[in-house]
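Heads up: the structure comes next, in structure tokens.
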Amino acid sequence: MTTETVSQELKAAIRTIPDYPKTGILFRDITTLLGNARAFRRAVDALVQPWAGAKVDQIAGIEARGFILGGAVAHQLSAGFVPIRKKGKLPHETVRIAYSLEYGLDEMEMHKDAIRPGEKVILIDDLIATGGTAEAATKLLQRMGADVVAACFIVDLPDLGGRARLEALGVPVRTLVDFPGH
Ligand code: AMP
């Protein structure tokens, strides 16, 4: 299958909900892709394809949809899985970073001992929009000494410029489908 065919198949499996969670946003709902066995497998296969046979130590997934995809990718690459969570959810000692949302600030955390310095880590989430969430997660991982070798997403909203923010941190970005606008 060509990359273009895979991309079209994945795009068709994603549901778009207009004006959710607020007016003007087109919410790209990947639950329909996850519920479609063939599309779910194709998405995970396409995400891991460049790293088949490579040594990747950890997959870091961003709460919550990044956990579903990250777990599947970690299994396929025989890597560990590190959850990056909203603050207050992890039970052991954590490191934390603040990042801006459209309105105000939020914070995310990971366990302090989740990554050993120099480990090769791939960051995973379902979608990159402005890149603020993934940029904060990358900074947190890099602060702990991770070598973030890539950030992978099913969906890119290229009009919002997220990719450039991660590339500015030295992290290559892989995405499988694009949607215009927000
Ligand atoms: P950002 O920090 O702007 O890159 O936003 C990325 C995060 O917000 C991801 O965890 C996405 O799941 C979620 N997100 C942002 N925009 C959308 C959208 N249009 N549809 C679905 N999820 C979105």
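Remember, it's 1-based here, ligands and their atoms both numbered in the order they're listed.
Listed by number with element, the atoms of ligand 1 under 4.0 Å from a non-hydrogen atom of Arg65 are 12 (O), 22 (N). Near Asp125, the atoms of ligand 1 lying under 4.0 angstrom from a non-hydrogen atom of the residue are 9 (C), 10 (O). The atoms of ligand 1 that sit less than 4.0 Å from any heavy atom of Leu157 are 19 (N). The atoms of ligand 1 that sit less than 4.0 Å from any heavy atom of Thr133 are 1 (P), 2 (O), 5 (O), 6 (C), 7 (C).
Of all protein heavy atoms, the one lying nearest to atom 22 (N) of ligand 1 is Phe27 CE1, 3.6 Å. Distance from atom 19 (N) of ligand 1 to its nearest protein heavy atom, with residue and atom name: Leu26 O, 3.0 Å. Here the protein heavy atom with the shortest distance to atom 11 (C) of ligand 1 is Asp126 OD1, 3.7 Å. The protein heavy-atom contact nearest to atom 20 (N) of ligand 1 is Arg28 N, 2.9 Å.
Look at Gly131 and you'll find a heavy atom under 4.0 Å from some atom of ligand 1.
Proximity of a side-chain donor or acceptor of His92 to a complementary backbone N or O of His111 within less than 3.5 Å is not detected.
More than 12 heavy atoms of other residues, nucleotides or ligands sit less than 6.0 Å from atom CZ of Arg143. Other residues, nucleotides and ligands place no more than 12 heavy atoms under 6.0 Å from the NZ atom of Lys120. The local environment of CZ in Arg96 is crowded, with over 12 non-hydrogen atoms from other residues, nucleotides or ligands closer than 6.0 Å.
One finds the CG atom of Asp29 at 5.0 Å from the CD1 atom of Ile17 (value rounded to the nearest 0.5 Å).
Of the heavy atoms in Leu160, none comes closer than 4.0 Å to ligand 1.
The ring pair (Phe, Tyr, Trp, His ring centres under 6.0 Å) analysis of residues 7-29, with sequence neighbours excluded, yields the pairs Tyr20-Phe27.
Across Val82 and Met110, no two heavy atoms sit closer than the pair CG1-CE, 4.4 Å.
Comparing Leu166, Leu127, Ile17, Thr130 against atom 14 (N) of ligand 1, the shortest heavy-atom distance belongs to Leu127.
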**Message:** Quick one, Arg85 with Thr94, criterion side-chain hydrogen bond (donor to acceptor under 3.5 Å, both in side chains). Give me CA distance, side-chain angles, the key distance, then yes/no.
**Reply:** CA-CA 10 Å; Arg85 300 210 63 179; Thr94 58; over 6 Å; no
